[in-house]
Each structure stands twice: as structure tokens, then as C-alpha cells.
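Please read the structure below before turning to the comments.
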Amino acid sequence: MAWTKYQLFLAALMVTTGSLNTLSAKWADMFSAPGCKGSPEHQFSHPFVQAVGMFLGELCCLVVFYLLLCHDRRRPEPSMEPGQSFNPLLFLPPALCDMTGTSIMYIALNMTSASSFQMLRGAVIIFTGLLSVAFLGRRLEPSQWIGILFTILGLVIVGLADVLSGNGDDSHKMSEVITGDLLIIMAQIIVAVQMVLEEKFVYKHNVHPLKAVGTEGFFGFVILSLLLIPMFYIHVGDFGGNPRQVLEDAIDAFCQIGHKPLILLALLGNTVSIAFFNFAGISVTKEISATTRMVLDSLRTLVIWIVSLALGWEKFLGLQILGFIILLVGTALYNGLHKPLMAKLPCCPGPQSTDEVDAAERERLLDGGKSAQEI
């Protein structure tokens, strides 16, 4: 069935904002500017400040939710389902996971390329599948286990491409690239824990996805903003990318922004894009299908890779293409993207029609509004 103009707009919005989210974060990392009190020019390395900006973008989803609800209530026949009331503290544990995982990923993004960053985030499938079996009592289908194996193989190939590339790119040492890749994988374990917590304790309460994302954004924004204070005094040596060598120097970040306002543009791009990406992802699931959402989420990885090459941010690696394709196959098998195709084959009739598969996937993804991770 042909897509409407609105559906095409939503698909384009999801791919565009999802790609901008990672690219703007990487762009901010590439700036150098003087800091406070005449400190020499140095790289903008403030992952926790960037994470605060990301949570601010998620918090905007809560504002959008209430604006939409208010507008809907003024209509003669309200149609928006706000969901049942719930204890907001249910979102605190997954928000803490989100905060930790996001901060680690921003640290890793400083060390590796944007395309490798996006591809390696596919590791979340492995840990989500294993944790869902262990803690949710779920039984994975054979195709999902095969998808996990493909994902592992794809991750190995992407990591191998980084190692064989020498220095990854001109701005990263080999040790930094390897450390960054490992940090991304470690962060996906935390993200998988977040997803399991959301499914087990949160989404059974029928919470609207925008409200869920916004509530987690509120907790992440408030808690991480407060943590910036002790981080200002925690000395970490060379691990800190700021002149004072502390865990995070937010004042230095603002000084650098003052000296080079383009950094603020990159940070705003990250904040705004995450809000629109969450909205577009949820809308695509509702208006088209969950299968389309998964395909578009994979497409943005390709866009990030192509743009990074075009801007000269990284070198062309043929092995990375192979890794991406294998990761794509693993993601498709795990999420059941092969089922609608097999259902159309006369030799492989499926137990469900394509519409029924899409409906089931739509319901599952609407219940778990943050299944497509943001960065």
C-alpha cells in the first residue's frame, strides 16, 4: 500500500533526526577552543555535559505530551489515550541505567568514529535477548538465536576493521579506538538492563510512550545536573579531557562554548534532534509499522557512515561494510523482519499474515517506547 505524504514525512524525520543526533554529538567532540582563565586551546571533551543536553531533549517529550493532551482535550471528541496513572519513581531505575549508559557512550564517542559507534550499538540485541530469557522468562525463537550469532559476528568484524585501520582516523590513537569500542559494548549491557527493567516494571502500566521517555528524561536531567557538582572536584588524571583533569568540568565547557559558539549549535542539534527522533519513532510505529521503524533505524546507521566519509571524519574501510551488512542481517532476524517476507512466499506460509505480524510488533514497540535508542 502506498504511503501518504504524512507517513513519508515521518519516515524522513526519523532518519534525519536520528542521524543528526549522532553526527551533532561527534561534531561537538571535534571542536577545540580555549577554556577558562586563559587556559590553552583544547578539545571539547565534556561527555557528561552532552548527556545532560540529551536528557533535556528527552524531557521535552514530556512537554510535548502535555501540549498534545491539552490540545486533544479541547476537541469535541477527545481521542488521545493518556494512559493510566502511575508512580513516577517506577522510572527511576531505568533512568539511572539510561544516565549511566548514555554517559559511557558519549565518552566512547570521543574515542572512536561515528560510524563504528553506531554499528557497535547493535550489541544491545545480544544482551537484551539473554537478559529477557534470564529475567523475563521469555523463550527466544531459533531465528532470534541466529540473529544474535550474526550480531556477534558483525561486531567482531567492525571491531577488527577498527584495529586493522591503524589509527582509526587522524584524531584517534589505536588505544583510544579500542577503549572506545569496548566502552560502547559495555554501555549496551546497561542499556539492555534498562530495557528489561522497563518491560518488567514500567510498561505493564500502560504508560504513553512520550510520557515514559519524558519522565526518564526528567530524572536523568535532574540527577546528572546535580552530579556535575561533585564531578567538578573528582580528579581522574589523564582520563579527564579537560585542563583540570577532573571527571567533568562544566564551567570549562561553558567557557569553551563562549569562545566558539558553534559548539553550542552542535549541542543544540543533539538536544533538539533527540526530541524529534523519539516523537518520529513512536509515530512511525503507530502510523506505519514496527517493521518500518526497525528498517529506518538501521538506515540511519548507513546515513551516518556516508556523511562521516563525505565530511572526511573517517577513512573508507571495506571490512566495515561487511560488518554492517552482517549486523543488519542479525538485527532483521532477531526482530522478525523476515517473517512478513516469508509469509508472502507460497512455499513458506506463515501462521500470521503480514498485517497481523505488523500489528503484534506495533503493540510490542508501543509498549516499549524507547526500544530504539537515541544517540
Side-chain angles (χ1 to χ4, degrees), residues 21 24-29 31-63 88-111 179-180 183-184 186-187 190-191 193-194 197 213-275 374-375:
N21 188 248
S24 60
K26 186 61 182 178
W27 187 35
D29 293 341
F31 282 108
S32 293
C36 300
K37 298 179 180 179
S39 63
E41 184 173 299
H42 54 279
Q43 184 183 7
F44 185 84
S45 179
H46 298 281
F48 296 99
V49 171
Q50 287 180 288
V52 168
M54 192 214 73
F55 285 117
L56 178 61
E58 288 188 9
L59 178 58
C60 291
C61 292
L62 192 62
V63 177
L89 290 178
L90 284 172
F91 285 91
L92 183 56
L96 291 174
C97 291
D98 193 8
M99 182 182 70
T100 305
T102 298
S103 299
I104 292 174
M105 283 190 281
Y106 275 121
I107 293 172
L109 188 56
N110 265 301
M111 301 178 176
T179 302
L183 284 175
I184 296 169
M186 185 175 71
I190 301 173
V191 172
V193 173
Q194 174 194 345
L197 287 173
V213 172
T215 304
E216 287 191 18
F218 169 78
F219 281 118
F221 177 76
V222 172
I223 294 173
L224 193 53
S225 296
L226 293 175
L227 286 177
L228 290 178
I229 299 174
M231 288 179 184
F232 185 79
Y233 299 100
I234 300 175
H235 192 271
V236 293
D238 293 336
F239 185 76
N242 50 78
R244 295 180 58 245
Q245 294 187 329
V246 293
L247 188 57
E248 180 60 280
D249 190 340
I251 296 178
D252 179 69
F254 287 114
C255 288
Q256 287 189 287
I257 291 171
H259 285 105
K260 186 159 289 188
L262 275 177
I263 299 175
L264 179 60
L265 179 62
L267 296 178
L268 286 176
N270 186 277
T271 300
V272 174
S273 62
I274 191 63
E374 302 88 356
I375 298 177

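Atoms considered below: every heavy atom in the structure, side chains included; atoms not considered: hydrogens, waters and symmetry mates.
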Would a 4.5 Å heavy-atom cut-off, applied to side chains only, mark [X] and [Y] as touching?
{"X": "Phe55", "Y": "Ile223", "result": "no"}
{"X": "Met54", "Y": "Thr102", "result": "yes"}
{"X": "Ile107", "Y": "Met111", "result": "yes"}
{"X": "Ile257", "Y": "Phe44", "result": "yes"}
{"X": "Phe254", "Y": "Val49", "result": "no"}
{"X": "Gln50", "Y": "Leu109", "result": "no"}

So, [X] side chain and [Y] main chain: donor-acceptor pair closer than 3.5 Å or not?
{"X": "Glu58", "Y": "Glu216", "result": "no"}
{"X": "Glu248", "Y": "Leu228", "result": "no"}
{"X": "Ser103", "Y": "Phe48", "result": "no"}
{"X": "Asn21", "Y": "Asn270", "result": "yes"}

Closest contact, heavy atoms only, [X] versus [Y]:
{"X": "Ala187", "Y": "Gly101", "answer": "CB-O, 3.7 Å"}
{"X": "Ala275", "Y": "Cys60", "answer": "CB-CB, 4.1 Å"}
{"X": "Asn110", "Y": "Gln43", "answer": "OD1-NE2, 3.8 Å"}
{"X": "Asp249", "Y": "Asp252", "answer": "OD1-N, 3.0 Å"}
{"X": "Ala108", "Y": "Gly180", "answer": "CB-O, 3.3 Å"}
{"X": "Tyr106", "Y": "Ala25", "answer": "CE2-CB, 3.6 Å"}

Atom [atom1] in [X], atom [atom2] in [Y]: separation rounded to 0.5 Å?
{"X": "Leu224", "Y": "Phe219", "atom1": "CG", "atom2": "CZ", "result": "14.5 Å"}
{"X": "Leu96", "Y": "Phe91", "atom1": "CG", "atom2": "CZ", "result": "13.5 Å"}
{"X": "Ile251", "Y": "Asn242", "atom1": "CD1", "atom2": "CG", "result": "11.0 Å"}
{"X": "Met105", "Y": "Asp98", "atom1": "CE", "atom2": "CG", "result": "7.5 Å"}
{"X": "Ile184", "Y": "Ile104", "atom1": "CD1", "atom2": "CD1", "result": "11.0 Å"}
{"X": "Met231", "Y": "His46", "atom1": "CE", "atom2": "NE2", "result": "13.0 Å"}

